[in-house]
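Take a look at the structure below.
Keep in mind the model is a prediction, meaning the values are calculated, not measured.
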Amino acid sequence: MTASNTATKAHEAHAAPAAPECDQVATPGAVAAPAPAAMPAASTAASPTSAASAPATTAAAERDPRIARSRAALREAFITLVEERGIDGFSVGDLCTSAGLNRGTFYNHFRDKESLLASFEDEVIEGLGGVLAKFQNIKLRELAACSLTHRPLPMLVELYDYLREEGPFLHAMLGPGGDARFGMRLREAVCGRFVRSLLHERYQNDPSAFTRYYISFYSGAYLGVISEWIDSGMTETSEEMALISMRLLFIKPGESIKM
């Protein structure tokens, strides 16, 4: 995967046509602009979105169906272009043409492709955070009991359900033309948090080298599992992936690798 470097040329913003207002796009990177629906002003920096701004933009999209339609069109076009050309292979103009929006609308709410990308990535990570919050009270013995009886842990099933919903975006971002930084965020947000939740409480904040490497080892392994599942077309069900994930956690060296 290649690192993202998608800053739009400055002259492109000034060349945006003075087209009539069309559907407005609510994003965490929005800037103040006249619009039919109330839009909160927020920073357009490419850094992760603040927790305070995300709910406001989500509520705005729910109030105005045009906002949701425009955002969905941009997201679909973005995914398609990343898959076809790589993240550095298209301009804001290409994106707007593919989405059926004018550049004036785009620049009302995004500074550049980087802020758009940050908005989409933050949205996915935030959604994963909601699912993973349920892992905080999980006990290793509960996971072991499910594994021994070949029952998928419901929380893991829900996690894979969410990953499936975001499959097209994840496939684009984790692919060779995507954003290498997002893979690192996904490893920490999903895999690292999952592995850490399974540790005994006395080790969860243990700064020792072995604990750090233990978490890093399993986090990287589970990111590999997720990447392989997405790259291979997500043919296994969420229940099957939950069982596979549990089996991988408890398998011992030299033991049969059959389910």
Side-chain angles (χ1 to χ4, degrees), residues 1-4 6 48-49 71-90 95 98 113-114 116-135 143 147 152-198 215-251 257-259:
M1 293 186 285
T2 60
S4 171
T6 59
T49 308
R71 184 173 175 83
L74 272 176
R75 200 172 194 268
E76 183 178 354
F78 190 88
I79 291 170
T80 299
L81 289 170
V82 170
E83 293 281 19
E84 292 177 352
R85 308 183 194 179
I87 205 164
D88 295 319
F90 60 94
L95 178 62
S98 181
K113 280 199 308 180
E114 186 69 20
L116 175 69
L117 173 63
S119 172
F120 290 154
E121 290 183 351
D122 290 346
E123 186 177 58
V124 172
I125 295 298
E126 182 185 354
L128 284 168
V131 176
L132 290 167
K134 301 177 182 179
F135 283 77
L143 190 61
S147 181
L153 188 70
M155 286 175 282
L156 271 175
V157 174
E158 187 175 347
L159 173 62
Y160 279 104
D161 281 342
Y162 182 82
L163 292 172
R164 183 184 295 280
E165 289 175 9
E166 297 293 348
F169 181 80
L170 294 171
H171 187 273
M173 290 301 101
L174 297 175
D179 181 10
R181 297 169 303 178
F182 183 68
M184 299 299 293
R185 289 187 67 187
L186 191 64
R187 187 178 78 167
E188 177 57 30
V190 180
C191 307
R193 191 168 173 181
F194 169 61
V195 174
R196 194 180 298 274
S197 70
L198 298 178
I215 294 172
S216 179
F217 176 82
Y218 275 103
S219 298
Y222 277 111
L223 178 61
V225 170
I226 291 171
S227 298
E228 173 62 23
W229 181 58
I230 292 170
D231 194 51
S232 61
M234 298 180 289
T235 53
E236 292 83 9
T237 66
S238 298
E239 288 77 10
E240 289 172 329
M241 288 307 301
L243 287 171
I244 289 171
S245 297
M246 291 159 54
R247 174 72 174 128
L248 289 172
L249 187 64
F250 292 104
I251 198 167
I257 60 172
K258 294 181 180 180
M259 286 293 294

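Contact check for L159 versus K134: no side-chain heavy atoms found under the 4.5 Å cut-off. Annotation: side chain of D179 is not in contact with side chain of V82 (no heavy-atom distance under 4.5 Å). With contacts defined as side-chain heavy-atom distances shorter than 4.5 Å, the pair M241/D161 does not qualify. At least one side-chain heavy atom of E123 sits under 4.5 Å from a side-chain heavy atom of R71.
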L249 vs M246, side-chain contact (heavy atoms from CB on, under 4.5 Å): CA-CA, chis, key distance, verdict: CA-CA 5 Å; L249 187 64; M246 291 159 54; 5.8 Å; no

Derivation of the side-chain contact (heavy atoms from CB on, under 4.5 Å) call for I125 and V190: CA-CA 8 Å; I125 295 298; V190 180; 5.8 Å; no

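V157 and S238 get closest at one heavy-atom pair: O-CB, 3.7 Å. The minimum heavy-atom distance between P168 and R164, with the atom names listed, is CD-O, 4.3 Å. Taking every heavy atom of both residues into account, G89 and R85 meet most closely at O-CD, 3.3 Å. Heavy atoms only, all atoms of each residue included: L223 and R187 are closest at CD2-CB, 3.8 Å. Shown here for V195 and Y218, the closest heavy-atom pair between the two residues is CG2-CB, 3.6 Å. Of all heavy-atom pairs between V124 and E166, the closest is CG2-OE1, 3.7 Å.
Going from atom OG of S119 over to atom CD of E114 covers 12.0 Å, rounded to the nearest 0.5 Å. The line from CD of E158 to CG of L156 is 10.0 Å long, rounded to the nearest 0.5 Å. One finds the CE atom of M155 at 10.5 Å from the CG atom of L132 (value rounded to the nearest 0.5 Å). Rounding to the nearest 0.5 Å gives a distance of 5.0 Å between CG of L163 and CD1 of I226. Note that CD of E188 is 6.5 Å distant from CZ of R196, once rounded to the nearest 0.5 Å. With rounding to the nearest 0.5 Å, the separation of NE2 in H171 from CD1 in I230 is 8.5 Å.
When the shell of 6.0 Å around CD of E236 is examined, it contains more than 12 heavy atoms from other residues, nucleotides or ligands.
Although no hydrogens or angles enter the test, the distance criterion places a donor-acceptor pair under 3.5 Å between the side chain of K113 and the main chain of I87. Side-chain N or O atoms of Y160 include none that pairs as donor or acceptor with a backbone N or O of A242 at under 3.5 Å.
Taking the six-membered ring for Trp and the full ring otherwise, F169 and F78 have centroids separated by 6.0 Å or more.
Counting only residues at least two apart or on different chains, no side chain to side chain donor-acceptor pair (under 3.5 Å) pair has a member in residues 225-235.
Note on R181 versus E121: no salt bridge recorded, every NZ/NE/NH1/NH2 to OD/OE distance being 4.0 Å or above.
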